[in-house]
Amino acid sequence: MEIADTLVTIEFVFIAIVLLVILLFIGYLLIFDRQQKQHSILRNYPALGRIRYFFEKIGPEMRQYWFNSDTEGKPFSRDDYEHIVKSAKYKRDVVGFGSKRDFDEEGFFVRNSMFPKLTEELKMDQETMVNTKKYILLKDPLFTDRKEKWEIDNALANLLHDDDAVVIGPKTKYPFVVKSLIGMSAMSYGALGKNAITALSKGLALSKGTWMNTGEGGLSPYHLEGGVDIIMQIGPGLFGIRDKDGGVDWDELKRKSEIPQVKAFELKLAQGAKTRGGHIDAEKVNPEIAAIRKVEPYKSVDSPNRFKQLDDIASMFDFIEKIREHTGKPVGMKIVIGSPDSAEELAKYMKESGKGPDFITVDGGEGGTGASYQELIDSVGLPIKSALPILHLTLKKYGVRDRVKIIASGKLFTPDRIAIALSMGADLVNIARGFMITVGCIQTLKCHSNACPVGVATTDPDLQKALVIDEKKYRVVNYLLTLRQGLFRIAAAAGLESPVHFEPKHICYKDDKGVVVSLENILKEMEQQIS
């Protein structure tokens, strides 16, 4: 009995101490908040003010998981996000009951054929297989853990037929041949951590026939880890190929070009979410990243918003020619279209000089970034559905369209979006954030802070532990395979034997009144503006 009384007394004293500490802490906050001069609401209403700031802090998470509908979240809605995750995790892209799309709103639609192609009529690579792993959902109860099984899956790669393979730089010494219409957009090591880049490299390599773009941060060993084909991007900062004075180290460029995986180079003039140079905060610039980029460690890195060596189309084309001659590899450029006049000078000089890039990556304003400014993200640069046709039609106007491949990017993360982009003039498509989601991104929007909680957009070694490479690499594979399969499926619905045959006549546009216009007619109107 005495022991029981003692325990009760100890428990009572402990609770009393805890309550006293809480009361003292609240009292301290009341006194401190009334004395501080920074926050007006805390001076008058300390307790309510603290509660207000607490709810304000958790507001984004509450909206994402509780209050936003499945289709209204930004940059990606819950439906968009879950579609990518389920394709990557379960290798399934089937939905039930019906569409959540608002069919009263205006938008583009793929024209279905009365006589679609049968599966056996599709023209595709029927031999190349991919060894991957996927989850099988066994049980998904409300209060206990989800039960899943991880199993091996030997799947068709869903690559293009050899006859339809896309050749970039056919007249170069080392043309780049791809059998996938979809690749990974520019993402630098530094903006993403080594685990993320490695998982992407290995996953893309396993899926076969595709490529990854290094981003302007230079070629890292993690990009090369999986053995995937590489497009090495060269930004205005010349990271990875710069000499000690900040100019081009041509010997280093030659060394990079001799790496078998490096298939092409891309000059970055601009990016959809930031028509400016890149930026990486000091805490992300560890010694390894500094060595790869050839900069000083633990100092913020800003690349200029244009190449210092280039100030017009002529000098840029000369630079492209020099890189091509020096490396023997195809050379392209990444641009953002700002108006119907933007591509005019480019196409005109291509015709007059006979020079020009082997490919042009056009990035829409809706594209993503690790870090940029609100005014640039929201208001500078046209979205892809305007920018892509402008570039395509302008190149056609000057008779140089057949000399260059167009790679489109800007939230093209589903087969229907890709099909529409191909119909608007794209030869290939780049995806960035879709692949980020496959390796664990949960849209915390902290890419610029080095505090990504899932280890994707961070170089913090502790945070990167969250990303398990040997699990996430298969999600990359599965997502890409379902995209390719979906692209062939939607091509078949349109009566096409391969998605390479998408043209404007296969797409129509419905306005909010129900009036339908062919994409062909829309492009004719745009063509008149350009001419």
Worksheet entry | Donor-acceptor pair, side chain of Arg433 and main chain of Gly410, under 3.5 angstrom | no

Item to complete: Check whether any side-chain N or O of Glu366 sits under 3.5 Å from a backbone N or O of Ile384 as a donor-acceptor pair, and report yes or no.
Response: yes

Worksheet item: Is the shortest distance from a Lys or Arg side-chain nitrogen in Glu344 or Lys397 to a carboxylate oxygen in the other one below 4.0 Å?
Response: yes

Worksheet entry | Phe413-Phe76 aromatic ring centre distance below 6.0 Å | yes

Worksheet item: Would you say Thr458's side chain and Gly455's backbone share a donor-acceptor pair under 3.5 angstrom?
Response: no

Item to complete: Keeping the roles fixed (side chain from Arg242, backbone from Gly237), state whether a donor-acceptor pair exists under 3.5 Å.
Response: yes

Worksheet item: Would you call Asp229-Lys208 a salt bridge at under 4.0 Å N-O?
Response: no

Worksheet item: Which of parallel (below 30°), tilted (30 to 60°) and perpendicular (above 60°) describes Trp250 and Phe319?
Response: perpendicular

Fill in: Carboxylate-amine/guanidinium proximity below 4.0 Å for Lys123 and Asp163
yes

Worksheet item: Is there a donor-acceptor pair under 3.5 Å between the side chain of Lys446 and the backbone N or O of Ala457?
Response: no

Practice prompt. Say whether, by atom type as modelled, one donor and one acceptor occur between the side chain of Ser188 and the main chain of Ala191 under 3.5 angstrom.
Written response: no

Worksheet item: Looking at Asp79 and Arg101, does any basic side-chain N land under 4.0 Å from a carboxylate oxygen?
Response: no

Practice prompt. Would you confirm whether Arg475, through its side chain, and Asn478, through its main-chain N or O, come within 3.5 Å as a donor-acceptor pair?
Written response: no

Worksheet item: Considering all heavy atoms of both residues, which atom of Glu252 and which atom of Ile241 are nearest to each other, and what is their separation?
Response: CG-CA, 4.1 Å

Discussion item. Among Asp363, Asn430, Thr361, which residue satisfies the side chain to side chain donor-acceptor pair (under 3.5 Å) criterion with Ser409?
Written reply: Asp363

Worksheet item: Would you call Glu216 and Lys268 a salt bridge, using N to O less than 4.0 angstrom?
Response: yes

Discussion item. Could you check whether any side-chain N or O of Tyr479 sits under 3.5 Å from a backbone N or O of Lys91, counting only pairs where one atom can act as donor and the other as acceptor?
Written reply: no

Worksheet item: Taking Lys329 for the side chain and Val262 for the main chain, is one N or O donor matched with an acceptor at less than 3.5 Å?
Response: yes

Worksheet entry | Short side-chain to backbone donor-acceptor contact, Arg306 and Leu310, under 3.5 Å | yes

Worksheet item: Taking it one step at a time, do Asp318 and Lys355 satisfy salt bridge (charged side-chain N to carboxylate O under 4.0 Å, His left out)?
Response: CA-CA 8 Å; Asp318 288 343; Lys355 302 177 181 179; 2.7 Å; yes

Item to complete: Taking the side chain as every heavy atom from C-beta outward, state whether Thr214 and Ser220 have any atom pair closer than 4.5 Å.
Response: no

Discussion item. Within the 4.5 Å heavy-atom criterion, are Asp358 and Arg324 side-chain neighbours or not?
Written reply: yes

Discussion item. I'd like to know if the side chain of Glu352 pairs up with that of Tyr398 as donor and acceptor (distance under 3.5 Å, no hydrogens or angles considered).
Written reply: no

